[in-house]
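Below is one structure, written out as structure tokens, with a few remarks after it.
This structure is a prediction, so every number in the text was calculated from the model and none was measured.
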Amino acid sequence: METVPPIVKFTSLQKRYGVGPVILDAINLTVAPHDFISFIGPSGCGKSTILKLVSGLSPGSTGELTVMGVKPREARDRQAFIFQDATLLPWLTAQLNVELPLRLRGRPEAERQTIARKMLELVGLAKVADYYPRQLSGGMKMRVSIARALTLAPQLLLLDEPFGALDEMTRNRLNEELLAVRAVAPFTALFVTHSVSEAVFLSNRIVVMAANPGSLHAEVAIDFPYPRRPELRGHPDFQAKVNEVTRLLHEVEIPPSS
Amino acid sequence: METVPPIVKFTSLQKRYGVGPVILDAINLTVAPHDFISFIGPSGCGKSTILKLVSGLSPGSTGELTVMGVKPREARDRQAFIFQDATLLPWLTAQLNVELPLRLRGRPEAERQTIARKMLELVGLAKVADYYPRQLSGGMKMRVSIARALTLAPQLLLLDEPFGALDEMTRNRLNEELLAVRAVAPFTALFVTHSVSEAVFLSNRIVVMAANPGSLHAEVAIDFPYPRRPELRGHPDFQAKVNEVTRLLHEVEIPPSS
Amino acid sequence: MKKSFSVSTWLLPAVSGLIFIGLWYSVRVVSGLQSWILPTPGEIMAAAVHEHTRLLAAAGHTALGALGGFLLAAILGFFTSLLLGLSKSLRASLYPWLLMLQMTPVIVLTPIIMLWAGPGMPGIITITWLISYFPIVANLTQGLLSTDMNHVALFRMCNANRWQEVLLLRVPAALPYYLAGLRIAATLAPIGAIFGEYMVGNASGGTGGLGFLVYSYNTQIKIPALFATALTSCLLGFVFVAAVAWLNWALLHKWHDSFERADH
Amino acid sequence: MKKSFSVSTWLLPAVSGLIFIGLWYSVRVVSGLQSWILPTPGEIMAAAVHEHTRLLAAAGHTALGALGGFLLAAILGFFTSLLLGLSKSLRASLYPWLLMLQMTPVIVLTPIIMLWAGPGMPGIITITWLISYFPIVANLTQGLLSTDMNHVALFRMCNANRWQEVLLLRVPAALPYYLAGLRIAATLAPIGAIFGEYMVGNASGGTGGLGFLVYSYNTQIKIPALFATALTSCLLGFVFVAAVAWLNWALLHKWHDSFERADH
Amino acid sequence: GQKTPAAAASGAALVKVRFQTDWFPQPEHGGYYQALAKGYYAAEGLDVAILPGGPNAQVMSSVAVGRADLGMTNGDDVIVAVARGVPIKMVAAEMQRDAQGILFHAEHPIRSLQDLQGKTIMAGAGSTWIEVVRQKLGVKFNLIPLVGDLARFVNNPEFVQQCFVTNEPYFVGQRGVSVGALLIANETYEPYRVMFAGQTFLTQHPDVVAKFVRASLRGWVDYLTGDPAPANKLLAAKRSDLTPEFMAYSIKAMNDYQLVLGNAAKGERVGLLTAARLTKQIALLQEIGVLDKPVAVNEVATFEFIPAQP
Ligand SMILES: Nc1ncnc2c1ncn2[C@@H]1O[C@H](COP(=O)(O)OP(=O)(O)OP(=O)(O)O)[C@@H](O)[C@H]1O
Ligand SMILES: Nc1ncnc2c1ncn2[C@@H]1O[C@H](COP(=O)(O)OP(=O)(O)OP(=O)(O)O)[C@@H](O)[C@H]1O
Ligand SMILES: [Mg+2]
Ligand SMILES: [Mg+2]
């Protein structure tokens, strides 16, 4: 790890929005190439904010943050972001929404269409390719948004609760598809989720966050080898990791006072 | 059950959007007073559509649907709906968003403020009462939306994945709070979720839905007595019910073809 | 606005039209006004029929000026707004001068317009453009600035350049604003052309456009004919407004919330 | 537009102003135009200084008419749009007649305005109102119809009546549209008042406002003074536009996407 | 307007009269202001308010609907208005011939209306004289509408535009351009400028009309032959842009063209309206199609207020 330059490096980072309270404090984290890191923690602790910082959408207040050795904004061409909301353009069909990032990079139309269709098939939505967003269900919109991010084959993928609105089977299947995509076109992932078992299944590292102000409470290494098979979920070691993370989570989650 | 008039009654209901394909077919369901029914099923199978039908926001195509003996629209004053999206008004603070339904019913300001504050405390957001929606995290927005629906003390509550964006502890706590609210001011609930254990914990009936077209696949009665304690989650009978529902779910969830 | 071509689009205005005409007649009767102040709809129609050759010829002339000015405003307004929406500094440097152009009384500019655009149609089109340009710019610019920040974040993440952000995101999102601007411009174009005819028009044989007729009927106190001219100008305007309404429907009905979803 | 009172709001227009003035001078030099067609900024300023007492007095008079007409348009426009936004049938029955009112050349209505509103200030205010009314109505109505359908569903579920839906949901959501309409109206109000002074101001001592000065300098071929009058009218307009910009900031900056979040 | 003068007539108080002029205050209204300044109205027991006009002054409808009691404007406009049912009537001439003229550059002179052949003229659309020139003289020319500006005229030596001979030539001359002006009025077409009253007012208060006409004409004679200073002072107070030089120019032009006082050789005198000239006028208007039905002279004018030969 010492020789490879880190993909993302937080050094004593602090974040406030404007002159508001401290949202994230003393964040120190080094993400190595091909890490799949899950962030898990109470609602409002700053998980989305971490991803916004890495993407350069929101600046840090003090401390330092580099992405692939440069400022976050400068590394955007190698990143993709799946937002917490689907953020589809209402005037484009599902297909055209998925094509959008390729269009923005000037890829030829035929290539765009092929890739977009493949991705829509991956998330099980090929049939509704011509629907407008307002004709899609909540989970379908989120899946279009996932398909869109995957078209870019990014080096660094930021995922903000992408599977939160999905039923368990679709979710599991997409978990597996995500790892399959990653096996073919490897990427580093920063992943926000509320599902501990999802985090354990996908990640090699899990960061448990505490709130008020948001900070990194503990890190758990998950060293099951990739590729991971669905059967892993039934394995006792898997359950043990789930229990460990859950326990850590219970440490930070003091019931929100008011 | 034969003597009490049903709260909601679907009779051979079919639904299409405009001239599109059949979304829901042959829905027959009778909801008794104080039922807590969870709907669970694959993404896009029509769960949200069921709630929209009951609320009268969307009309059925053929068949019949009555709510409290009348047309859905006419029973609106006794319903509240927690949408799949938070649907907060961006120009109102969290507090004022929560007050909105009371304001629309012409309740006096002092009463509105007290109730809204109480509900914000319930969902753990009293501290951010003065924030505008764009300053809130995804989970916080959803909690504001939950607080808003509860202010009305409705007879029939429609909940569309209200806890999907929340971490497990917050989710569990809100599950318990919801049942506590219900113990004091009883309501009938139609609840959409992707979490089987949440469904088992909250409901007395679980409806498993199939897709293409959406239909009611099976129903599972959950007869643990209310009030339900958090410890229930550890009980083997609880786990058995979770397994039963999961098995039913696997029956309907053929991996989406495309 | 919602279902574009339903019965109510025609029936209700007709009913309200009857009420309106009834009111008109009763105002005449009650107030004791005479024909040379407020002619009745009947008198106006009679004048319209009587003068119809002149009115039609004049309407054709005015339509040309109005159309030219309107298209110029729609196109230049679009590109100006793009520039304004593209960057804050461009906006800060250009907007005040645009405002000045809009706020300078046309009469002050007339000699310059005559000199540079020339009298007759070029001048008329220039004046029509001047009059209908700013509502389009003001609206579209506001629209371009009102884009959903989450969508902007999406484009930033795709490393979209400023032009892509404007053309593929801000412009489609601002279409309802642009169309509202076009609708205003559509109503301004015919009166702009009439005004232009008055300011810089050029008529051999006294039959320029409606602007000429307005002033000529006015001096000759042919008040019913004057109102008939106004009616003709309104009809011309309706053609423009209808064209914009159609465009609005064509561009928005599939996705925009101002058109109700199929059934929701 | 975004950070309302930053340096760039003042510095950049100043720089672009210098460029603009430079261009102006060079047009004069290159085209060989003379002072009485296109006076230089210097000549205009000199005329403005020389005539400043008359200009100020006239501006005061015109400001009154413009303000009256603008406020009337803002208020009546608001309520008209509410009616139009409230129901589809009201919209279908009223909109065509509103369009006709907007599209009828003012000169045709002048005698009626003189009769009912009276000459002088009431007439001036009426004409200013007529000119700045429709952009507000067109915009706000479009805004009221563009409300997010999910929010409408929320209100329906709360059993809100039509009025609550309009006042508590559609109106706040349409504020950016209303403000864009007000911005257009703000630029139209001073020229509307000048036009009004021209049309009906005279009958009771119309030697008061900028409209009269425009006439007077025009016949006396005092072209620099004429441009100084136009400049005064622009400055008046800027006051209106600035007031609307302030209102825009006050009403929207906390929540609307046209104002960037504190830091996001 | 019916309420105004009736009651006061008997008592010591002055009778209020509202007089609507057709333009911003200017020397062409000098006679009325002179009558006001020198107390001629007061001497007749009248308290006259002179209402200024301007472009689009709507003089005739103001009087017809009773916003003013009397007014002044071009004579053939009154004929046309009466024919269209506007309830007004001429009561005296203000000018024996209208002051409208053709303004031209001295290097391209217009000596007669025939010289307009083939030219482009800036003139008021719908003006009667245009139809006369076209139809009676067979002169063809191109028309562009009259706006308020003279810049184009100054700029273009071939430019020709409608003007008031008492007015525009002065300002253009001020710019160092040498110009000439041709009075439009001629044997074929010679409209008056007139004072007129509303029908109702006329029937109810003929005495007031008589007094008004008398005092006004006295004012006019005094203004044009005596010292115009009192009226000019009032005018300058109303309009800061009126210079003494300009007012002197206007007065001189009114005298040179014999507009108000008339050409005694032709039997004209101040205030005179003749049935013969009006009849000819009406026939002409009908012939060129401005009037679509005939109108009788006594519907258009009353001659009872015109002072007898002095
Ligand atoms: N307004 C609409 N117009 C046309 N089709 C629609 C509309 N809304 C929903 N649908 C279709 O109806 C089906 C069911 O949608 P619905 O939102 O009820 O699904 P859901 O079960 O709630 O899914 P999810 O779990 O993803 O939210 C989907 O196939 C969707 O494409
Ligand atoms: N634009 C903003 N302005 C001010 N405060 C903000 C803004 N965005 C987020 N915050 C605050 O920052 C904190 C963290 O927000 P963030 O969205 O990162 O939470 P999160 O961990 O993603 O929560 P969730 O699981 O609910 O999505 C919250 O307290 C929120 O109120
Ligand atoms: Mg978040
Ligand atoms: Mg749903």
A side-chain contact here means heavy atoms from C-beta on lying under 4.5 Å apart; do [X] and [Y] qualify?
X: Asp257(C); Y: Ser146(D); answer: no
X: Thr104(D); Y: Cys234(C); answer: yes
X: Gln102(D); Y: Leu188(C); answer: yes
X: Asn139(C); Y: Arg183(D); answer: no

Could you look at [X] and say if it's the side chain, the backbone, both or neither that has a heavy atom under 4.5 Å from chain D?
X: Pro176(C); result: both
X: Leu144(C); result: neither
X: Thr229(C); result: neither

message: I need the residue from Phe20(D), Trp97(D), Phe134(D) with the largest number of non-hydrogen atom pairs under 4.5 Å to chain C.
response: Trp97(D)
Distance in Å, [X] [atom1] paired with [Y] [atom2], rounded so as to fall on 0.5 Å steps:
X: Leu252(D); Y: Leu145(C); atom1: CG; atom2: CG; answer: 11.5 Å
X: Met100(C); Y: Leu235(D); atom1: CE; atom2: CG; answer: 7.0 Å
X: Ile131(C); Y: Ile131(D); atom1: CD1; atom2: CD1; answer: 9.0 Å

message: For Phe195(D), which atoms come within 4.5 Å of any heavy atom of chain C: side chain, backbone, both, or neither?
response: side chain
message: Which atoms of Tyr177(D) are under 4.5 Å from chain C, going by heavy atoms: the side chain, the backbone, both sets, or neither?
response: both
- request: Determine the minimum heavy-atom distance between Ile184(D) and Ala138(C), stating which atoms define it.
  value: CG1-CB, 3.6 Å
statement: Nearest heavy-atom approach of Ser233(C) to Met103(D) is OG-O, 3.2 Å
- line: Which of Leu226(C), Asn218(C), Ile223(C) passes side-chain contact (heavy atoms from CB on, under 4.5 Å) with Val108(D)? Answer is Leu226(C)
query: What option among Ile191(C), Leu38(C), Thr187(C) has the most heavy-atom pairs under 4.5 Å with chain D?
result: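 Option with the top pair count is Thr187(C).
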task: Heavy-atom pairs under 4.5 Å with chain D are the metric here; pick the option from Ile194(C), Val214(C), Leu99(C) that has the most.
output: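 Between Ile194(C), Val214(C), Leu99(C), the count favours Leu99(C).
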